Amino acid sequence: MGPWGSVLQQAMDCTMLGVKYHSVLMRTGRVLNEAVFFSGLGDPEVSSEMDGAEIALKQSCYLPFTKDSVPCMGIVPKHSNVYVATGHGCWGVMNSLASGLAMSELIIDGEATSVDLSPFDPERFA
């Protein structure tokens with residue numbers, strides 16, 4: 001669930017979900033490797049270009065999602081000095097720079113100016 005998901009669950013009614021993801025790194029005849037990600041159940045379709053490719057690495061993990069699948073970022077309600085940024089799911093790495101910048105602005109300056117954090121406000125679960 002991520003290290004901060006339990007903080008949110010304890011502070012308010014925000015159920016965090018751990019969604020299992022799988023990834024496979026396959027070596028193809030190309031210069032670059034191909035990464036394939038699978039979410040949920042079922043039989044995933046893989047491009048025919050992957051036929052015969054060597055599987056270099058298989059792994060899985062649980063990624064944190066909020067119950068509405070929208071990240072939770074901001075000040076935890078009923079606390080003046082507790083901040084949280086969690087629930088990004090599979091987009092956590094991709095959104096990390098913008099999330100980190102917005103959270104640093106919120107913590108240091110008192111408001112985020114680079115990103116509108118209102119859709120991500122933890123208060124929506126209070």
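Keep in mind that what you see is a predicted model, and the values were worked out from it rather than measured.
Counting heavy atoms from C-beta outward, Y62 and L17 have side chains that stay 4.5 Å or more apart. Using a 4.5 Å cut-off on side-chain heavy atoms (C-beta onward), Y83 and V76 make no contact. In this structure the side chain of T66 reaches within 4.5 angstrom of the side chain of R124, judged on heavy atoms. Considering only heavy atoms from C-beta on, F120 stays 4.5 Å or farther from C72 through its side chain. Contact annotation: the side chain of F65 never approaches that of H88 to less than 4.5 Å [non-hydrogen atoms, C-beta and beyond].
Taking all atoms of both residues into account, the shortest heavy-atom contact from A102 to A112 is O-CB, 3.6 Å. Across all non-hydrogen atoms, the minimal contact from P122 to M73 is CD-O, 3.4 Å. Heavy atoms only, all atoms of each residue included: L63 and C90 are closest at CD1-CA, 3.5 Å. Of all the heavy atoms in Q59 and L57, the pair that sits closest is OE1-CD2, 3.8 Å.
Side-chain N or O atoms of S96 include one that pairs as donor or acceptor with a backbone N or O of V93 at under 3.5 Å. Judged by distance alone, with hydrogens and angles left aside, the side-chain atoms of D109 form no donor-acceptor pair with the main-chain N or O of E111 at under 3.5 Å.
The distance from the CG atom of L101 to the CD atom of E105 is 4.0 Å, given to the nearest 0.5 Å. With rounding to the nearest 0.5 Å, the separation of CE in M103 from CG in L117 is 7.0 Å. Put simply, OG on S114 and CG on L97 are 11.0 Å apart, with the number rounded to the nearest 0.5 Å.
Hydrophobic cluster membership differs between V19 and W91, with clusters built from Ile, Leu, Val, Met, Phe, Trp and Tyr side chains linked at under 4.5 angstrom.
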